[in-house]
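Below, chain A is the first sequence line, B the second, and so on; all start at residue 1.
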Protein chains: 2
Amino acid sequence: MARSGPRTFDRDAALEAATLVFWEHGYSGTSISQLTAAMKINPPSLYAAFGDKRALFTEVVNRYNATYGRFMADAFAEETTATGLVHRLIMGAAEHYAEGSHPPGCLVIAAAANNSPGNAEVSIELADRRNANRDLLQSRIADAIRSGELPADTDARGLATYVVAVIQGMSQQARDGVNTETLMAVGEMALRTWPVQPMSAAGRRG
Amino acid sequence: MARSGPRTFDRDAALEAATLVFWEHGYSGTSISQLTAAMKINPPSLYAAFGDKRALFTEVVNRYNATYGRFMADAFAEETTATGLVHRLIMGAAEHYAEGSHPPGCLVIAAAANNSPGNAEVSIELADRRNANRDLLQSRIADAIRSGELPADTDARGLATYVVAVIQGMSQQARDGVNTETLMAVGEMALRTWPVQPMSAAGRRG
DNA sequence: GACTATCTGTAGCGATCGCTACAGATTGGA
DNA sequence: TCCAATCTGTAGCGATCGCTACAGATAGTC
């Protein structure tokens, strides 16, 4: 077999393979031997290219957010109203979480739920990402209340938590085998609770 | 130290201790040494009294459903309308998932999310329990549609999945640090999407 | 009070974990 | 063409995993 010289494997393809394994089995449920088998490299190559398991996972999560999870960042960047933003977040989750081309659900939600004390840092890392998203959504909702898009008595914290909970629940349901069609129905039901200014035409509801 | 004779430890107290550890760290994230430390027994006593780690976990889950998770079974047993049932499931989750007297969230939802291939059976065991609950709720909703409690065009599958997703999302949010007050707000928002017969007085909405 | 049965504590089993030392193989530069 | 540098594969490190053999200690029986 070919040994040495410049790197012989595709770093991004290896990251993609690692992503799918972490997505399916979570951080602690994935072993180095599983990773090296999926990435088609040997342990020393993995450690030379990515550092250690922890650093590889962080790189995987960052890449995930820029690829599979991109619809979230895009929604935050492109939607100017809280109503449009929430609609796109929820329906995007419904659309993507049960696609057959990758493991079900959201990697950031599902990949570090069970963690031994030794892996607590990884749980915290993902929880921080989830909570940052929720806080960002809350601030966008607060903006919408100030601008008059949403009623003045709207509970920004509660509403943001509700939206994030629905998305996380859809991720779990996708993991439990629910298909895209049902997730879409869930998303539409979730959006019916959205507060609308009585005299406003800002709502997206059909 | 005292050795031997009849069993010297309280079996149920040991189960309770094991419950809290599994609840916090999940199945694969909990080691035998953690369990024996929390249960204040040594490995041979654990294996003599409970079989192995897997059997202990199953016993823990059954006991959990009869204690901490009892509000779910009670709601199914005591509520006669789908509306009342769903109200009690969601508000019960909101009330209990962030209590400070035990780990946050629901053990059945959180304890086997990350699993290596060797622990796949445990994931399936909990997924089956979750899906059985969802299917039971769906059948109760279908009954309510037939009886006229809910509109005839109600999507029983979608609605049951929505309710279960909200509950699972609340569990995740509790794990991420959200308090009871916010969970209550989430539950009330979730119930606003409940379909009501226009001419009926069956709704519980405030 | 010896005997049997049962439980407990110590110690350690084989397997796997994340990770790495080492040497063989191949490349680019001199 | 030979060297220095770099990557790869083999093999195995110490630690921990789930689990158990073994022997010491206590209880009930006669």
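Atom NZ of A/Lys40 is separated from atom C1' of D/dG9 by 18 Å (rounded to the nearest Å). Computed from coordinates, the B/Tyr27 OH to D/dC17 P distance equals 14 Å when rounded to whole Å. In this structure, CG of B/Leu46 is placed 9 Å from P of D/dC19, rounded to the nearest angstrom. One atom, CG of B/Leu35, and another, P of D/dT16, lie 17 Å apart when rounded to the nearest Å. C/dC19 atom P lies 10 Å from atom CG of A/Asn119, rounded to whole Å. Note: CD (A/Gln34) to P (C/dC17) measures 8 Å, nearest angstrom.
Comment: A/Arg63 engages A/Asp12 in a salt bridge, judged by a side-chain N to carboxylate O separation of less than 4.0 angstrom.
For the pair A/Ile32 and A/Pro44, nearest-nucleotide mapping onto DNA chain C gives the more 5' position to A/Ile32.
Considering CE of B/Met72 and CG of B/Leu89, their distance stands at 6.0 Å, rounded to 0.5 Å. The CG atom of B/Asp153 lies 8.5 Å from the CD1 atom of B/Ile145; values are rounded to the nearest 0.5 Å.
At C/dC19, one or more side-chain N or O atoms of A/Tyr47 fall inside 4.0 Å of OP1 or OP2 (strictly under the cut-off). Between A/Ser33 and C/dC17 there is a side-chain N or O to OP1 or OP2 distance below 4.0 Å. The phosphate of D/dC7 (OP1 or OP2) has no side-chain N or O of A/Ser45 nearer than 4.0 angstrom.
For A/Phe9, taking side-chain heavy atoms from C-beta onward, the closest of the listed nucleotides D/dT8, C/dC19, D/dG18 is D/dT8. Listed nucleotides: C/dA21, C/dG9, C/dG18. Nearest to the side chain of A/Ser31: C/dG18. Minimum atom distance to the side chain of B/Pro43 is reached by D/dC19, of the listed C/dG9, C/dA21, D/dC19.
Across all strands, A/Thr30 comes closer than 4.0 Å only to sugar-phosphate atoms, never to a base (heavy-atom distances).
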query = Could you go step by step and tell me if B/Asn133 and B/Arg130 meet the side-chain hydrogen bond (donor to acceptor under 3.5 Å, both in side chains) rule?
reply = CA-CA 5 Å; B/Asn133 265 342; B/Arg130 290 191 296 268; over 6 Å; no

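With a 6.0 Å cutoff to the six-membered ring centre and a 45° limit on the axis angle, A/Lys53 counts as a cation-pi contact of A/Tyr27.
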